[in-house]
2 protein chains.
Amino acid sequence: MGEQARQRHGTRQGAPAGSAGSQDVGAPDPDAEVRGVPGAAEPSAGPGTVGKALEVLDAVAASPGGVRFAELETRGRYPKATLYRLLQTLAREGMVQHDPDSGLYTLGMRLVRLAHVAWRHSSLAPIARPHLDALSADLGQTVHLAQLDHGQVLYVDKRNAAQPVEMYSEAGKVGPAYCTGVGKVLLAHVPAPELDRLLSQQSFHRFTPSTLTDAAALRAELARIRAEGVGYDREEHEAGIICIAVPVLSAQGRCLGALSVTGHADRMTAADLAAFLPELRAAAARISQDTQAWRFPDAPEPH
Amino acid sequence: MGEQARQRHGTRQGAPAGSAGSQDVGAPDPDAEVRGVPGAAEPSAGPGTVGKALEVLDAVAASPGGVRFAELETRGRYPKATLYRLLQTLAREGMVQHDPDSGLYTLGMRLVRLAHVAWRHSSLAPIARPHLDALSADLGQTVHLAQLDHGQVLYVDKRNAAQPVEMYSEAGKVGPAYCTGVGKVLLAHVPAPELDRLLSQQSFHRFTPSTLTDAAALRAELARIRAEGVGYDREEHEAGIICIAVPVLSAQGRCLGALSVTGHADRMTAADLAAFLPELRAAAARISQDTQAWRFPDAPEPH
DNA sequence: TCTAGTAGTTCCACTATATGAAACTTTGTT
DNA sequence: AACAAAGTTTCATATAGTGGAACTACTAGA
């Protein structure tokens with residue numbers, strides 16, 4: 001794997017504004033990059049033009065209602081002219097929209113088109129869908145399917161206990177990795193060198209009294225999860241919410257995603273959740289199995 | 001030196017696969033960039049690094065099952081090293097995933113995260129949702145909500161006549177603009193200078209005998225639509241499928257999107273569809289109204 | 001109306017960044 | 001082992017992005 005012998009600017013401006021209060025505030029990001037390749041002097045590469053553009057894109061995404069140019073100027077670290085050109089490029093490319101009336105920048109529809117393909121063909125969601133349906137119906141509980149994205153948990157699908165499916169508003173939502181069941185399971189299966197990097201990106205914000213707030217404690221927990229194959233969230237992210245999560249492993253043992261069942265602490269105990277383990281694991285296994293079968297459907301779009 | 005650096009957008013989606021023969025290929029594309037300054041000769045801007053990266057991203061998106069490096073090399077017009085670095089950058093940024101086992105590139109989850117925000121806050125879909133529900137239930141027909149993206153129709157939401165909602169698999173889907181009801185309505189409301197550019201991007205592939213296959217015919221149709229405020233698709237895209245579409249106009253008269261009702265030609269006539277016009281227009285008006293009211297949840301009022 | 005101030009856009013000399021031919025390494029095949 | 005194909009790295013070069021500053025377009029205040 002190409003090693004990042006570079007030191008990526010503390011880019012990843014955190015906080016993609018979770019609308020569910022699942023922020024992940026600004027981790028100053030110690031730029032101390034894990035020296036990947038030994039011996040090599042730092043080539044000190046900047047983020048590159050593309051990286052800068054994507055950072056701006058994130059900044060736009062962080063203000064859901066739209067942002068003014070000036071707003072971005074203060075927030076970002078780019079001089080006026082540079083920012084201006086980046087935004088112009090992004091707008092021309094359809095990655096952002098610039099409403100001339102209000103002067104606000106919002107994310108562009110090209111993203112929706114791309115994400116449609118990404119979700120359909122690169123995520124576990126379409127394969128896992130029937131299994132999520134079954135699992136949720138079977139247990140009568142809320143289930144989540146998540147994958148890792150830039151050190152954060154990205155929910156790719158969800159079934160609420162009873163409510164009708166409300167897809168887009170759940171798929172794509174992000175949350176912290178260090179204090180959720182799925183997040184910890186996903187982190188537990190990240191190869192060591194990359195884990196170091198990801199851990200340094202975690203904000204370790206204390207959401208509740210039981211939140212793990214330092215890398216050391218988290219590492220211990222991850223080791224336990226790796227050994228046992230189960231992760232718990234004991235009200236670490238949200239008071240009153242507990243959950244149990246298992247990995248979805250590929251045939252080669254790579255972790256493709258994580259599956260979880262969530263419950264209310266006042267109605268269930270961790271033991272109650274643990275009772276779901278067999279079903280959870282079975283569902284994860286079935287998803288994994290289907291992954292292999294479905295290896296590249298390359299399907300023409302249904303019409 | 002490499003003076004081939006002009007050709008923009010080559011690999012936009014694949015119109016219904018199979019008809020690849022006459023994609024929107026070639027078209028020297030005067031690339032008349034609306035520079036604001038009239039009469040100025042074009043500086044003939046290249047796509048820029050960001051543009052190239054996004055083109056590669058599109059290329060990856062065009063092969064849903066994943067692409068090998070070599071594949072992209074032949075398809076794209078970039079030399080090995082350039083392509084390689086572009087892909088590396090995109091992968092580092094999470095816009096594509098590179099499965100080290102198979103060597104395949106697929107779209108990255110970061111897109112899903114971004115698109116989640118884009119869809120929720122930049123598209124008409126979340127605002128229109130209840131109105132789509134109502135309209136579909138009221139008429140008992142399939143309805144579509146679409147917006148324009150890079151000269152193509154992008155469906156941001158849909159209600160099937162009876163089936164359960166299947167969001168992600170519909171939102172994000174793209175289709176041709178020149179031969180669909182929503183597409184023509186959207187094009188009809190594009191300001192003249194931009195329209196020229198968009199028309200030159202249309203492939204004008206003949207899907208059915210009634211497909212409009214040249215810009216002139218389309219322009220006439222667009223003028224009619226602009227005058228009457230309704231667009232029809234008379235089996236122009238797909239044999240047996242007809243539809244009626246109206247624009248969703250903002251208070252300032254800008255076209256925010258298009259709303260349509262679709263029917264089967266063997267079960268309905270265009271006149272039958274026309275009977276839905278009042279309801280369609282009413283729904284569009286209600287959506288437009290809500291747009292103003294909902295001046296975006298967590299955004300401070302502009303001005 | 002005339003400043004003064006702020007937001008947004010353009011200019012242009014400068015050089016940091018991306019480029020791509022070719023060399024090199026790794027992986028798979030006969 | 002020898003070969004071929006795929007993938008990765010190097011390095012001299014100029015293209016493409018940079019950013020300070022000037023400029024324009026509004027808006028508010030006097």
Side-chain angles (χ1 to χ4, degrees), chain A residues 1-6 8-9 36-37 39-56 60 66-93 96 98-105, chain B residues 1-8 33-56 60 66-93 96 98-105 300-303:
Chain A
M1 219 193 185
E3 240 358 302
Q4 76 304 19
R6 62 185 83 279
R8 238 167 74 35
H9 235 163
V37 177
E42 287 308 330
S44 79
T49 316
V50 175
K52 290 175 201 168
L54 292 176
E55 189 179 332
V56 171
V60 174
V67 221
R68 272 242 173 45
F69 178 85
E71 168 84 24
L72 289 170
E73 194 191 346
T74 56
R75 176 152 47 209
R77 47 185 145 284
Y78 300 116
K80 236 180 176 180
T82 302
L83 214 211
Y84 180 73
R85 257 174 296 105
L86 287 173
L87 279 169
Q88 225 178 223
T89 303
L90 288 171
R92 172 157 33 89
E93 293 291 340
V96 304
H98 180 225
D99 181 358
D101 298 330
S102 63
L104 291 172
Y105 288 93
Chain B
M1 306 354 121
E3 194 37 73
Q4 39 62 263
R6 11 185 49 253
Q7 275 274 56
R8 268 169 104 266
E33 203 48 38
V34 196
R35 210 35 174 231
V37 179
E42 285 317 317
S44 79
T49 316
V50 174
K52 290 174 200 167
L54 292 176
E55 188 179 332
V56 171
V60 173
V67 222
R68 236 189 225 77
F69 178 85
E71 169 84 23
L72 289 171
E73 195 190 344
T74 56
R75 173 152 47 209
R77 50 191 141 280
Y78 301 116
K80 238 180 175 179
T82 302
L83 215 210
Y84 181 73
R85 257 174 294 105
L86 247 23
L87 279 168
Q88 224 179 223
T89 303
L90 288 172
R92 171 159 34 88
E93 294 290 341
V96 304
H98 180 225
D99 181 357
D101 299 330
S102 63
L104 291 171
Y105 288 92
E301 265 291 325
H303 291 299

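By convention in this document, chain letters (A, B, ...) are assigned in the order of the sequence lines, proteins followed by strands, and residues within each chain are numbered from 1.
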Specify the separation, in whole Å, of atom [atom1] of [X] and atom [atom2] of [N].
{"X": "A/Glu71", "N": "C/dA7", "atom1": "CD", "atom2": "P", "answer": "11 Å"}
{"X": "B/Gln88", "N": "D/dT10", "atom1": "CD", "atom2": "P", "answer": "11 Å"}
{"X": "B/Leu83", "N": "C/dA22", "atom1": "CG", "atom2": "C1'", "answer": "17 Å"}
{"X": "A/Asp101", "N": "D/dC26", "atom1": "CG", "atom2": "P", "answer": "13 Å"}
{"X": "B/Leu87", "N": "C/dA18", "atom1": "CG", "atom2": "P", "answer": "15 Å"}

For C/dA7, does OP1 or OP2 lie under 4.0 Å from any side-chain N or O of A/Arg68?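 No, no such contact exists.
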Using a cut-off of strictly less than 4.0 Å, decide whether B/Tyr84 has a side-chain nitrogen or oxygen near OP1 or OP2 of D/dT8. yes
Between the protein and nucleotides 17-23 of chain D, list the N/O to N/O atom pairs that are separated by less than 3.5 angstrom.
unit_1, atom_1, unit_2, atom_2, d
D/dG17, OP1, B/Thr49, N, 2.6
D/dG17, OP1, B/Thr49, OG1, 2.9
D/dT18, OP1, A/Lys52, NZ, 2.7
D/dG19, OP2, A/Thr82, OG1, 2.8
D/dG19, N7, A/Arg85, NH2, 2.8

Quick one: [atom1] on [X] to [atom2] on [Y], what's the gap to the nearest 0.5 Å?
{"X": "B/Leu83", "Y": "B/Lys52", "atom1": "CG", "atom2": "NZ", "value": "11.5 Å"}
{"X": "B/Leu87", "Y": "B/Tyr105", "atom1": "CG", "atom2": "OH", "value": "4.5 Å"}
{"X": "A/Leu54", "Y": "A/Leu90", "atom1": "CG", "atom2": "CG", "value": "7.5 Å"}
{"X": "B/Leu104", "Y": "B/Arg68", "atom1": "CG", "atom2": "CZ", "value": "5.0 Å"}

In degrees, rounded to 10°, what is the bend between the two ends of the helix from C/dT1-D/dA30 to C/dT30-D/dA1, using five pairs at each? 30°
For the residue pair A/Lys80 and A/Phe69, establish whether any side-chain heavy-atom pair is separated by less than 4.5 Å. yes
